[in-house]
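Below is one structure, written out as structure tokens; the observations come after it.
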Amino acid sequence: MPSAVQIASLFRKPLDFLNLVDEIPLGIIFLDQDLRVVHFNKAFEALSGTRPEKFHGVECCYLLRGAACVDNCPVMIMGSNKRSVSCKSDMITMERQKIPIRITTAPVLDSEGSISGYIETIQDIRTTEQLDGLKSTAFSFANIVGRSPQMEKIFQTLPLLAQTDTSILITGETGTGKDLVAEAIHQASEREAGPFVKINCGALPETLLESEIFGHEKGAFTGAVGSKPGRFRLAHNGTIFLTEIGDLPLSLQVKLLTFLDDRIIYPLGSTRGFNANVRIVAATNRNLEDMVKEGTFRKDLLFRLNVARIHLPPLREREGDIRLLLDHFFNYYRTKLGKSIRDFSKDSLSILLNYNYEGNIRELKNVVEYAVNVTSSSAIEPASLPSYIMESVKDTLLSASRQFHKHDMGNRHNAAEGSSSFPQKHAGGSGHSYAGSDDGLNDTAADSGLSPQTWPEIQRKMILDALIQAKGKKNDAAKILGWGRSTLWRKIKKYHIQA
Amino acid sequence: MNQAARIMFHKVAIPIKKDRIASRFDLAAEVAIIEFSEELKVKNKKIIVLPGSSPDDLSHLILSENINTLICGAIEEEYFQFLRWKKIVILDSVVGGWGEAFDRWQKAILRPGDILCERTVEGRTV
């Protein structure tokens with residue numbers, strides 16, 4: 001057993017190596033070239049329940065007692081690569097407890113670059129494994145929320161795809177959660193402990209992007225005063241996420257294609273390749289098939305990236321998810337901002353549920369954040385919603401109202417022709433004639449021919465329209481509006497409508 | 001109980017991998033079974049190759065073969081307690097060749113956690 005090992009030349013005075021490794025709260029095992037135990041630190045001692053003296057010189061598989069030692073020894077996977085490898089496994093401790101672990105094995109190289117031995121870090125992942133179990137419950141996977149059939153299908157597919165090592169292409173409109181899905185794939189994969197490196201292919205000019213992605217050697221171009229590893233190298237043993245892949249210039253598409261074929265990257269100005277073990281996840285909101293037809297995206301690159309495709313549906317196609325997401329973000333921001341808001345009011349909820357979220361979840365999230373921030377009462381009222389939403393809802397309602405009137409007037413005209421019993425004031429030529437007599441409504445904006453300006457006015461008009469259509473029958477009017485009879489009655493009272 | 005009485009009518013099982021005791025009971029795909037005769041001699045020695053590694057199947061085999069002693073590497077508490085409840089003597093966390101482990105067991109000097117293999121670091125015995 002080594003008793004006193006020192007590290008010289010790092011600090012002014014030599015350091016006590018064994019004490020140094022004992023301070024690290026992660027199990028570390030040092031092995032020789034034949035995978036025999038040289039030493040392990042206090043953290044591994046605590047995890048395994050044995051002492052270094054007992055296993056000194058013994059093959060590591062008898063110390064670690066891991067499933068990976070039997071099935072696929074990390075050192076065997078590494079081969080002559082001299083690069084670290086990481087894998088999930090389990091081990092049985094001396095107390096006969098089976099615990100999930102993550103093993104990361106790296107070679108220990110001497111000054112000439114030859115392998116002298118190996119260093120293994122053993123991470124107890126019991127806590128994260130438990131959290132993983134909780135993560136995929138309650139209408140969500142990782143941080144993705146949804147219970148629509150479309151999302152359920154994705155939740156079922158994602159863990160399966162994550163476990164494979166294939167390239168994945170994520171498509172979907174802006175704000176649908178492509179980044180979140182990419183990260184969730186990485187977190188649920190075997191590469192979880194490795195880095196997750198994101199590159200926005202549309203964010204940098206072509207020349208900078210090449211150096212950013214593939215790296216460069218010192219002196220490769222004017223201003224290259226030092227070497228740069230590049231994102232692919234940084235993502236070694238992890239996942240690289242190429243977002244906005246549709247914006248990748250054609251010249252770099254070729255270089256990426258070469259990498260996907262032989263898995264070796266050549267930094268700018270370097271003749272020495274680097275064998276990068278990375279998984280590629282790409283995303284775009286553009287239609288790559290159309291881009292291929294236009295000649296702006298390489299067909300062969302599309303085929304290589306499109307091994308598995310995940311299409312994220314826009315929010316408008318996700319039945320029932322708007323309410324779920326509203327509640328989700330409402331709770332999140334209410335807690336974050338320490339507000340005592342109880343809920344959405346019925347009016348604001350009705351507006352939010354009927355709004356067409358072109359920016360998808362990102363827009364919905366922003367709307368809720370804004371509303372929670374500006375609300376000072378116990379519920380989020382329509383006045384607390386961003387003004388552009390009110391404008392949009394007004395436009396929608398007005399256009400719907402116009403459509404309704406056109407249709408309604410046509411019907412009434414036909415009815416009037418067929419039956420003389422239809423009240424004269426309802427059969428008038430004007431779209432607003434229903435409010436023009438002694439029913440107490442002649443002071444409305446609708447009556448004056450102006451567009452309604454506020455939500456109560458819009459709602460009042462909707463009630464009146466429905467009542468007219470239902471010929472005064474409240475039950476039928478409630479059905480037309482999609483409300484309960486009591487809701488209609490309450491609103492009639494609220495808006496002083498004499499129905 | 002003397003050594004002769006201990007060995008009489010005895011059956012020993014050792015989950016193995018080639019000539020070594022398997023490092024994990026639950027992942028062993030072979031098991032050596034040694035049976036003694038009334039004359040205190042090894043009556044039968046056989047190696048059973050399992051269709052796959054399964055701690056449940058291995059436990060079932062141990063029970064169906066009427067094993068009295070199990071010599072193994074790492075074993076989970078659940079299986080350890082179950083087999084002990086079935087009156088099987090377990091010597092676990094044993095490291096080394098299974099032949100040597102068996103010899104030591106015959107001499108009644110094998111203990112749980114014994115490391116019987118050669119210890120070397122960088123080719124030198126330590």
Side-chain angles (χ1 to χ4, degrees), chain A residues 1-3 5 29-40 47-74 76 89-101 103 107-108 110 114-119 122 126, chain B residues 14-31 50 52-56 58-59 70-85 88 90-98 100-101 111-126:
Chain A
M1 262 306 298
S3 52
V5 186
I29 309 172
F30 296 93
L31 307 169
D32 72 358
Q33 278 187 65
D34 304 320
L35 307 181
R36 286 177 180 267
V37 177
V38 178
H39 183 64
F40 55 84
L47 188 67
S48 64
T50 189
R51 294 196 47 81
E53 302 83 54
K54 189 175 178 189
F55 279 87
H56 187 54
V58 176
E59 284 166 69
C60 72
C61 63
Y62 295 108
L63 166 68
L64 189 56
R65 316 201 300 180
C69 306
V70 179
D71 301 332
N72 44 359
C73 170
M76 298 301 163
S89 181
D90 59 49
M91 67 178 278
I92 295 178
T93 66
M94 295 298 159
E95 285 83 38
R96 305 188 191 97
Q97 298 298 312
K98 191 176 182 176
I99 55 173
I101 52 166
I103 309 171
V108 176
D110 62 16
S114 308
I115 295 175
S116 291
Y118 301 92
I119 181 169
I122 314 297
R126 271 177 288 191
Chain B
I14 312 173
I16 59 168
K17 187 178 183 185
K18 295 179 183 170
D19 58 343
R20 297 288 195 95
I21 298 170
S23 61
R24 292 260 297 246
F25 172 83
D26 57 339
L27 301 173
E30 288 175 74
V31 58
L50 302 167
S53 53
S54 155
D56 293 320
L58 192 49
S59 301
L70 171 69
I71 300 169
C72 63
I75 182 169
E76 255 185 281
E77 185 70 7
E78 183 188 344
Y79 296 100
F80 180 84
Q81 294 298 346
F82 169 71
L83 294 171
R84 214 167 62 160
W85 175 59
I88 294 165
I90 305 169
L91 298 161
D92 69 331
S93 297
V94 180
V95 175
W98 68 269
E100 191 186 345
R111 298 280 172 272
D114 274 356
I115 295 174
L116 311 173
C117 61
E118 191 193 6
R119 293 164 183 265
T120 62
V121 169
E122 296 193 277
R124 284 175 299 174
T125 305
V126 289

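Lettering follows sequence order; numbering is per chain, from 1.
- To the nearest 0.5 angstrom, F80(B) atom CZ is 12.5 Å from I92(A) atom CD1.
- Taking 4.5 Å as the heavy-atom cut-off, the residues of residues 15-24 of chain B that approach chain A are K17(B), R20(B), I21(B), S23(B), R24(B), ordered by number.
- Interatomic distance, D92(B) CG to M94(A) CE, rounded to the nearest 0.5 Å: 9.5 Å.
- Here CD of E76(B) is found 9.5 Å from OG1 of T93(A). Values are rounded to the nearest 0.5 Å.
- By the side-chain contact (heavy atoms from CB on, under 4.5 Å) test, S53(B) pairs with L27(B), sequence neighbours left out.
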Could you walk me through whether V126(B) and R36(A) pass the side-chain contact (heavy atoms from CB on, under 4.5 Å) test, one step at a time?
CA-CA 11 Å; V126(B) 289; R36(A) 286 177 180 267; over 6 Å; no
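- With sequence neighbours left out, the side-chain contact (heavy atoms from CB on, under 4.5 Å) criterion links P100(A) to I125(A), R126(A), E129(A).
- Only the backbone of M91(A) comes within contact range of chain B, with heavy atoms under 4.5 Å apart.
- Between chain B and the options A67(A), C69(A), S116(A), G117(A), heavy-atom pairs under 4.5 Å are most frequent for A67(A).
- Atom CZ in R96(A) sits 12.5 Å away from atom CZ in F25(B) (nearest 0.5 Å).
- Residues passing the side-chain contact (heavy atoms from CB on, under 4.5 Å) test with I119(A), sequence neighbours excluded: I28(A), F30(A), A106(A), V108(A).
- In this structure, the portions of I75(B) lying under 4.5 Å from any heavy atom of chain A include both its backbone and its side chain.
- Only the backbone of E95(A) comes within contact range of chain B, with heavy atoms under 4.5 Å apart.
- Interface remark: E78(B) contributes no atoms to any contact with chain A (heavy atom separation under 4.5 Å).
- Using modelled atom types, one side-chain atom of R119(B) and one backbone atom of K54(A) make a donor-acceptor pair closer than 3.5 Å.
- Among all heavy-atom pairs drawn from R65(A) and G73(B), the shortest one is NH1-C, 4.3 Å.
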